[in-house]
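Heavy atoms only: backbone and side chains are in, while hydrogens, waters and symmetry mates are out.
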Amino acid sequence: MTDVLAAGAVCRPGGPVGAGDALGPGWVAFDEGVVVDVGRGAPPRGATDLGACVLAPGYVDLQCNGVGSDDFADADRPGWRRAADTLAGHGVTSYCATLVSASRERYDAPLAVATEMRDAPGPAASDCLGVHLEGPFLGDAPGAHDPGHLAPADASWLGDLLASHPGLVRMVTLAPEADPSSATIRFLVAAGVTVALGHSTAAYDRCRAAADAGATVATHLFNAMGALHQREPGLAGAALDDERLTPTLIADLVHVHPALIRLAFARRPDLALVSDSVATGGAVVARDGAAYRIDGTLAGATALLDAAVAAAVRVGIAPARAIEAATRIPAALVGEDDRGRLDPGARADVVALDPRSFGVRAVWVAGRPVHEQQ
């Protein structure tokens, strides 16, 4: 049975990178979890009229370490399901569970759970695309990562991990200085893994050499990287200048100043938003709009991707641009071209947004309603 949703505005990210689509009245039809038609203006008879809201694709978060008190690195299966359900309620219909640097024996357990969640997420949950390994091959800007767990890049260990958990690792963030020959970057790219550069003070030319080897992403622009210096632009400069490196950005208005959010969007039409949300509790506390370690180090975000989109709009980014940065662009970075779009043949992951606040009103995952604002 075909379901049709109509709304006062529909955002269809697509076309040239960064173009988005002007917001205008329209409708979306889906059947068996797949979008079958999209139109402007008056909907077909029998459509569900959602009124003055914005229909957009479900959000895709490539960097989510945990939600609430549930950390993907050590949560049990119910904890993963709670986190996935919470993400869905915030409009995040797909995510990469992100694991920070740890001792090597600590990876197998969360990867095993991630495989289960990817293969059987449950009817109300956001869809786990796989895992983003943020470390342990980081450099001289570790941020909240434990320096004791950092190490030079090790393609042999990664090869064993990929073989043990086939198809699970979708992205790896590493520092160019941890992989001076770029051999590990080339290995990961050949294995179909998206390589991101981050937690690095590497020079601009070294970052471009990593892009030559196949790196395509710069992790959380401006955070955990060398300063943008006029004579040594570093990773931040490479992420703004080199078209091969798509920067991701945390737009919670704590990690990055609004002026730099506007600058990044203006310079990079292909910019992707991430939440970098982390679990809180124990040594990580929530305060002042983010998460901090006891020693005061900024550890990550507490806001999820819906809040990032709303914040970007609030500081002056066009709604269609902000939505595209949280949908089509991140999905494409990990090869999920049937997500993050409202086009025939795409997964029917849909969010209904308040047209003023851009808060989430309702969510559909693969055509199933999973959340409705009370």
Side-chain angles (χ1 to χ4, degrees), residues 1-16 19-61 84-95 121-129 304-306 309-310 313 318-332 336-374:
M1 178 181 174
T2 300
D3 295 297
V4 182
L5 305 176
V10 175
C11 182
R12 294 180 64 190
D21 190 17
L23 303 180
W27 49 273
V28 178
F30 49 86
D31 187 30
E32 295 186 353
V34 176
V35 176
V36 294
D37 203 0
V38 185
R40 289 192 177 278
R45 181 176 298 178
T48 299
D49 187 354
L50 300 174
C53 68
V54 179
L55 283 180
Y59 297 144
V60 179
D61 194 352
D85 288 347
T86 299
L87 288 170
H90 286 264
V92 179
T93 55
S94 302
Y95 69 98
S126 179
D127 194 24
C128 181
L129 300 176
L304 298 178
L305 206 51
D306 58 333
V309 170
V313 173
R321 286 288 312 281
I323 291 169
E324 184 172 44
T327 56
R328 186 186 70 82
I329 292 171
E336 296 286 348
D337 294 329
D338 66 336
R339 300 172 193 254
R341 315 179 77 107
L342 291 182
D343 295 315
R347 264 176 57 108
D349 295 339
V350 184
V351 295
L353 306 172
D354 184 281
R356 294 182 180 84
S357 69
F358 283 84
V360 173
R361 286 186 174 177
V363 182
W364 293 258
V365 174
R368 302 187 310 269
V370 300
H371 170 77
E372 185 173 358
Q373 188 181 59
Q374 300 300 314

Separation between [atom1] of [X] and [atom2] of [Y], rounded to the nearest 0.5 Å:
{"X": "Asp127", "Y": "Tyr95", "atom1": "CG", "atom2": "OH", "answer": "8.0 Å"}
{"X": "Leu5", "Y": "Trp364", "atom1": "CG", "atom2": "CH2", "answer": "4.5 Å"}
{"X": "Ser94", "Y": "Arg339", "atom1": "OG", "atom2": "CZ", "answer": "4.0 Å"}
{"X": "Asp354", "Y": "Cys53", "atom1": "CG", "atom2": "SG", "answer": "8.5 Å"}

- Message: Test side-chain contact (heavy atoms from CB on, under 4.5 Å) on Glu336 and Val60; report intermediate values, then the result.
- Response: CA-CA 10 Å; Glu336 296 286 348; Val60 179; over 6 Å; no
Heavy-atom side-chain proximity of [X] to [Y] below 4.5 angstrom:
{"X": "Ile323", "Y": "Pro57", "answer": "yes"}
{"X": "Asp3", "Y": "Thr48", "answer": "no"}
{"X": "Val54", "Y": "Pro319", "answer": "no"}
{"X": "Thr327", "Y": "Tyr59", "answer": "yes"}
{"X": "Leu304", "Y": "Leu87", "answer": "yes"}
{"X": "Trp27", "Y": "Leu55", "answer": "no"}

Smallest separation among heavy atoms of [X] and [Y], with atom names:
{"X": "Cys11", "Y": "Leu342", "result": "O-CD1, 3.5 Å"}
{"X": "Ala326", "Y": "Val309", "result": "CB-CG2, 3.6 Å"}
{"X": "Val365", "Y": "Ala125", "result": "CG1-O, 3.8 Å"}
{"X": "Gly26", "Y": "Val10", "result": "C-CG2, 3.5 Å"}
{"X": "Ala88", "Y": "Val370", "result": "CB-CG2, 4.1 Å"}
{"X": "Val4", "Y": "Pro44", "result": "CG1-CD, 4.0 Å"}

- What's the verdict on side-chain contact (heavy atoms from CB on, under 4.5 Å) for Asp343 and Arg12, showing C-alpha distance, side-chain angles and the deciding distance? CA-CA 7 Å; Asp343 295 315; Arg12 294 180 64 190; 2.6 Å; yes
- Item | Sidechain N-carboxylate O distance under 4.0 Å for Arg347, Asp338 |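 Salt bridge: no.
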